[in-house]
Amino acid sequence: MKVIFFGTPDFAVPFLYKLINSDEIKIVGVVCQKDKPVGRKSVITPPATKTLAIKHNIPVYQFNSLKKDDVKNTLSEINADMYIVVAYGKIIPQSILDIPKFGSINVHPSLLPKYRGPSPMQEAILNGDKQTGVSIMLLDSGMDTGPILEQISIDLDSNDTYITLEKKVHAVGPSLLVKTINEYVSGKKTPVNQATSDTAVTRLINRTDGLIDWDKTAIQIDRQIRAYKPWPGAYTYINMHNKKLRLKIFAATFSEKQNKTKSGTITFNKAIEISTGKGTLLITELQLEGKQKMNADAFIKGHIDINGQMLIK
RNA sequence: CGCGGGGUAGAGCAGUCUGGCAGCUCGUUGGGCUCAUAACCCAAAGGUCACCGGUUCAAAUCCGGUCCCCGCAA
């Protein structure tokens, strides 16, 4: 079966890899976003899926927009049987989704209809869910509203970050996708419409979503740190040497202990304790602007003078 | 030429503006104290102040250049 893969970032790579190595499926094209400048030196870098595709001599397509007619013609000429979409990065017009005879299949890392939209994994962590999952579904014109072919649940614990959750998704998602495709194509799988309850849509995450509000509870801040790791990352600001410096927080734990000091106050007490709106956040790994990432112990050794200072917004 | 911070003992940092004995919090080693300890006291070892050149009686510090690390932005 000939398949075109729509996907762009690292998240899509394990899925593409699994499909390439699948016997029944032949990837005849990869559609991804354009090469973009990355890093301090603005090196033009191809998307992760493009790199993998080139390695396997698969044609790569990077359209400015999918709405143009010549795009439709180009894709039609490939005559693929199915499109598979994993984190492509843009909305794909219905006219394109309808081209292949088996339609277009999407992977969404949540238990749909819960957490439709762009940030399902982050939202599950922010809400402290004990469980999330992966859904394999047919694409329709709505935002993650298509009928579901298969779902699998994933357990979340209180240490999971976006990074570890992504690993869990990658551990089960790709093989579930291949299995579901084969069952669907051979008629063993019937799409089931999504339930109409609990259909809130997650929002696109901004850079500034990582800014910590110390008036929130320690539990909420801990979740924020885990959900936004590694991007955009949780951060706050601190005054040092008469400058306002960004302080990134990579890992923390929390305790119920309520400090009497104002929210955002730093106390060195073997650990870096920060007062919050409710409870105390214990920072374990952090990075000061211009410095390397380090653990709390090392940070305290060199910054004993900021004991008692306030973190700011 | 996108903006900015940094490189000083094993770790984390101050000192640089205003040139004048290489410092701080730890760690390590040895000793002491203690029923005991990650506590406390005493002592010691440990430095190419990133690299190259210049100015100076004198450079971590001032000037020129090079390399490396990092934050922001895109």
Side-chain angles (χ1 to χ4, degrees), chain A residues 7-13 31-51 60 62-66 87-91 118-119 122 161-163 203-214 221-222 224-255 257 259 261 264-275 280-313:
Chain A
T8 302
D10 290 327
F11 178 78
V13 166
V31 182
C32 61
Q33 303 293 325
K34 307 198 83 176
D35 295 8
K36 281 194 304 189
V38 166
R40 249 189 302 278
K41 297 196 164 40
S42 291
V43 178
I44 302 293
T45 308
T49 48
K50 179 182 178 180
T51 307
V60 174
Q62 292 171 288
F63 303 112
N64 274 324
S65 162
L66 297 181
Y88 172 65
K90 281 185 178 162
I91 303 285
S119 60
Q122 291 90 339
T161 64
Y162 177 87
I163 294 172
R203 53 191 196 84
L204 195 60
I205 293 167
N206 290 318
R207 209 171 271 286
T208 50
D209 287 332
L211 181 61
I212 295 171
D213 175 0
W214 293 105
I221 295 167
D222 170 60
Q224 181 184 10
I225 292 164
R226 290 185 288 112
Y228 294 152
K229 182 179 183 174
W231 194 90
Y235 63 93
T236 184
Y237 291 97
I238 185 168
N239 277 318
M240 287 183 70
H241 311 306
N242 298 320
K243 270 179 259 178
K244 183 180 174 185
L245 298 179
R246 180 182 286 242
L247 189 67
K248 298 174 90 168
I249 297 174
F250 287 92
T253 58
F254 60 90
S255 79
K257 186 178 82 179
N259 279 350
T261 50
T265 305
I266 306 164
T267 308
F268 287 163
N269 186 11
K270 288 186 181 175
I272 303 175
E273 301 184 357
I274 314 292
S275 302
T280 302
L281 195 78
L282 308 167
I283 299 175
T284 55
E285 194 178 20
L286 71 170
Q287 180 178 27
L288 190 63
E289 178 178 331
K291 297 292 191 178
Q292 309 274 6
K293 179 162 69 172
M294 66 186 76
N295 60 34
D297 183 55
F299 185 85
I300 291 172
K301 301 277 167 57
H303 299 91
I304 44 170
D305 50 312
I306 64 167
N307 195 4
Q309 206 173 312
M310 296 276 298
L311 292 170
I312 50 184
K313 286 182 193 173

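Just so we're on the same page: letters track the sequence lines, and every chain starts at 1.
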A:Lys34 NZ - B:rA74 P separation (whole Å): 20 Å

Enter the distance from A:Lys270:NZ to A:Leu282:CG here, rounded to the nearest 0.5 Å. 13.5 Å

Would you say a side-chain N or O of A:Arg207 is under 4.0 Å from OP1 or OP2 of B:rA73? yes

Pair partner, B:rC3 [Watson-Crick or wobble, under 3.5 Å]: B:rG71

Return the CG to OG1 distance between A:Asn295 and A:Thr284, rounded to the nearest 0.5 Å. 8.5 Å

To the nearest angstrom, the CG-P distance between A:Leu247 and B:rC13 comes to 12 Å

Check whether any side-chain N or O of A:His241 sits under 4.0 Å from OP1 or OP2 of B:rA14, and answer yes or no. yes

Going by atom type alone, with no hydrogens or angles, which donor-acceptor pairs under 3.5 Å involve a side-chain atom of residues 303-313 of chain A and a protein atom two or more places apart or on another chain?
from     : atom 1 : to       : atom 2 : distance (Å)
A:His303 : ND1    : A:Phe299 : O      : 2.8
A:Asn307 : OD1    : A:Phe268 : N      : 2.9
A:Gln309 : NE2    : A:Asn239 : O      : 2.5

Below the 4.0 Å mark, does B:rG71 have OP1 or OP2 next to a side-chain nitrogen or oxygen of A:Arg246? no

Span that lies between the C1' atom of B:rU48 and that of B:rA9, in whole angstrom: 12 Å

So, does A:Arg40 get its side chain near the phosphate of B:rA73, meaning an N or O under 4.0 Å from OP1 or OP2? no

Need one value for A:Gly233: base, sugar-phosphate or nothing, where a base atom within 4.0 Å counts as base even if backbone is also close, heavy atoms only. nothing

Looking only at atom P, what distance separates B:rG23 and B:rG47, rounded to whole Å? 14 Å

Base, sugar-phosphate alone, or nothing: which one does A:Lys248 contact when heavy atoms must sit under 4.0 Å apart? sugar-phosphate

Closer to the 5' end of RNA chain B via nearest nucleotide, is it A:Gly39 or A:Lys270? A:Lys270

Run through A:Leu211, A:Ile205, A:Ile249 and flag the one making a side chain to side chain contact (heavy atoms under 4.5 Å, CB included) with A:Tyr228. A:Ile205

Please give the distance between the C1' atoms of B:rC35 and B:rG15 as a whole number of Å. 45 Å

A:Phe299 has an atom CZ; how far is it from atom P of B:rC24, in whole Å? 21 Å

Given atom CG of A:Asp305 and atom P of B:rC26, what is their separation to the nearest angstrom? 13 Å

Should B:rA50 form a Watson-Crick or G-U wobble pair with both distances under 3.5 Å, which nucleotide is its partner? B:rU66

